[in-house]
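Note: hydrogens, waters and symmetry copies are ignored here, and every other heavy atom, side chains too, is used. Labels below follow one simple rule: chain letters A, B, ... track the order of the sequence lines, proteins then strands, and each chain is numbered from 1.
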There are 2 protein chains.
Amino acid sequence: MPLYARALAALESQGRFVVSSKELGEAVAVSDAQIRKDLAYFGRFGKQGRGYDVQKLLDELRRILGLNRQWRMTLVGTGRLGRAILGYEGFSPQGFRIVHAFDSDVGMIGKDVGGLTVHSTEDIEKLLSEDPVDIGIVAVPAETAQNVIDRLVKCGIRAILNYTPVTAHVPDDVQMKRIDPVLSLQGMTYHLKAASGA
Amino acid sequence: MPLYARALAALESQGRFVVSSKELGEAVAVSDAQIRKDLAYFGRFGKQGRGYDVQKLLDELRRILGLNRQWRMTLVGTGRLGRAILGYEGFSPQGFRIVHAFDSDVGMIGKDVGGLTVHSTEDIEKLLSEDPVDIGIVAVPAETAQNVIDRLVKCGIRAILNYTPVTAHVPDDVQMKRIDPVLSLQGMTYHLKAASGA
DNA sequence: CCTTGTGAAGTTCTTCACAGCA
DNA sequence: TGCTGTGAAGAACTTCACAAGG
């Protein structure tokens, strides 16, 4: 569904006013029937014979998905990867803002990284209780990932973006998504191998 | 399946010799039945009453998934994100190596980034025909993504790791995986919103 | 005539549950 | 006894196809 919202935003900036399920489906590589089913789940947004009003549907989707507000995030781990995440310009235009950074390395604590002061991981609980966030981003070494995640969950965070290569365990009411390029690559090599006959 | 391989590697380094589908399932957050079904699809690797031999199963999985060899990759786009990808230390231990880097910015061409000389994107076809690779990594601005991907496909690349926020179109016999942290975040906000009642 | 919204049919994926073997 | 491999049952998801409305 966030994919639909993104495609609609692109259509809107192109000046399109109406779109059919077929066109939208082509843009996001999904069948037209699938588009209609997904949208119909949340309401009746379309007009028979015409399609969907781009602007109106985009507004609806943003509201439904919670994309019409700011989300505050905390980052744990300011190593090479963590600093790249802090420097990523793609978050804020979409309403995601990193508001603190933590690291366990004494050499990093107190430093300024991308406009944020790096705090000690020991202060996670203290800072998050003073200044709560919605989402936690974890970019620590694999060994400490589960521990950090447990602590974030205990602080009330219910969504985690996990950049570490570990399958961490969280309660059912906590969501976690993993960003793992190696896993993505490994998911493709099987088919590559099969196709090349190697 | 690559997840199973990773969990097995961890078990192996812990000195475990045997693992049951139940234990492996807990490690990767999958049901024991699912583990058995998945593994049985490729062969009969287990022993009733005991479980799976960690070492042997890991070898089999690596062979099946094509993880027992090196994969050569090309990177297009050496902006902030592309340079972070080049600097990522997680690829090579798993057998993935970036062997060239391209950029369209004249200011970048000829520069050395992470040990690689940056080539002009105009030379993609020439370099890839001299020195073919298995996988393409795309980290260019959204506007040029589809064009770059088309060219990589034309060069015979059949697997693409797409770091851009666009749904690009590729032939059926070409695989593409997308790394898009914002999309992952947007996939969680719906449930966050629902839970908080906002 | 065009396109939605939606039951029905079809397909794929997941769990159940147990025979069979170490 | 313990755990695999696997048919059968069940659940979830996808496509089909069409009535109804602009």
Enumerate donor-acceptor pairs with a distance under 3.5 Å from any side-chain N or O in residues 29-37 of chain B to protein atoms, sequence neighbours excluded.
residue	atom	partner	partner atom	Å
Ser31(B)	OG	Gln34(B)	N	3.1
Gln34(B)	NE2	Asp38(B)	OD1	3.2
Arg36(B)	NH1	Ser21(B)	OG	3.1

Rounded to 10°, the helix from dC1(C)-dG22(D) to dA22(C)-dT1(D) deviates from straight, judged by its five-pair end axes, by 10°
Separation of dT15(D) atom C1' from Asp38(A) atom CG, nearest Å, is 13 Å
Using the 3.5 Å cut-off, write out each protein N or O paired with an N or O of nucleotides 18-22 of chain C and the distance between them.
residue	atom	partner	partner atom	Å
dG20(C)	N2	Gln48(B)	NE2	3.4
dC21(C)	O4'	Gln48(B)	NE2	3.4

When rounded to whole Å, the CZ to C1' distance for the pair Phe42(A) and dG5(C) reads 16 Å
Residue pairs meeting ring pair (Phe, Tyr, Trp, His ring centres under 6.0 Å), one or both in residues 22-44 of chain A, sequence neighbours left out, come to Phe42(A)-Tyr190(B)
> Distance-only, no hydrogens or angles: does the Glu26(B) side chain make a donor-acceptor pair with backbone N or O of Glu23(B) under 3.5 Å?
Replying inline: no
Across all chains, not counting sequence neighbours, the side-chain contact (heavy atoms from CB on, under 4.5 Å) partners of Ser92(A) are none
Rounded to whole Å, the CG-C1' distance (Asp53(A) to dG22(D)) equals 15 Å
With distance as the sole test, does His191(A) use its side chain to make a donor-acceptor pair with the main-chain N or O of Ala159(B) at under 3.5 Å? no
The correct set of residues in residues 8-35 of chain A placing a heavy atom under 4.0 Å from DNA chain C is Ser20(A), Ser21(A)
If you look only at distance, which donor and acceptor atoms sit under 3.5 Å apart when one is on a side chain in residues 97-112 of chain B and the other is two or more places apart or in another chain?
residue	atom	partner	partner atom	Å
His100(B)	ND1	Thr74(B)	OG1	2.9
His100(B)	NE2	Asp131(B)	O	3.3
His100(B)	NE2	Asp131(B)	OD2	3.0
Asp103(B)	OD1	Asp105(B)	N	2.8
Asp103(B)	OD2	Thr78(B)	N	2.7
Asp103(B)	OD2	Thr78(B)	OG1	2.6
Asp105(B)	OD1	Gly107(B)	N	2.9
Asp112(B)	OD1	Gly115(B)	N	3.2

Tyr88(B) meets the ring-ring contact (aromatic ring centres under 6.0 Å, His included) criterion, sequence neighbours left out, with Phe91(B)
Using a 3.5 Å cut-off and no angle test, enumerate the donor-acceptor pairs between side-chain atoms of residues 177-184 of chain B and protein atoms at least two apart in sequence or in another chain.
residue	atom	partner	partner atom	Å
Arg178(B)	NH1	Thr167(B)	OG1	2.9
Arg178(B)	NH2	Pro165(B)	O	3.3
Asp180(B)	OD1	Val182(B)	N	3.2
Asp180(B)	OD1	Leu183(B)	N	3.2
Asp180(B)	OD2	Arg6(A)	NH1	2.5
Ser184(B)	OG	Asp180(B)	O	3.4

(request) Consider only side-chain N and O atoms of Gln186(A) and Thr189(A), and report whether a donor and an acceptor are under 3.5 Å apart. (result) no
Under-3.5 Å N/O pairs linking protein and nucleotides 7-12 of chain D:
residue	atom	partner	partner atom	Å
dG7(D)	O6	Lys37(B)	NZ	3.0

Sorted by chain and number, sequence neighbours left out, side-chain hydrogen bond (donor to acceptor under 3.5 Å, both in side chains) with Arg63(A) holds for Glu60(A)
The reported gap from CG in Leu58(A) to OH in Tyr52(A) (rounded to nearest 0.5 angstrom) is 14.5 Å
Quiz item: Do Trp71(A) side-chain atoms and Leu185(B) backbone N/O form a donor-acceptor pair below 3.5 Å?
Solution: no
Sequence neighbours excluded, the answer for salt bridge (Lys or Arg N to Asp or Glu O under 4.0 Å) partners of Glu125(B) is Arg151(B)
Is Tyr52(B) close enough to dG2(D) that one of its side-chain N or O atoms is under 4.0 Å from OP1 or OP2 there? no
Residue pair Gly51(A)/Ala40(A) against DNA chain C: nearer the 5' end by closest nucleotide is Gly51(A)
Atom CZ of Phe45(B) and atom P of dT4(D) are separated, to the nearest Å, by 14 Å
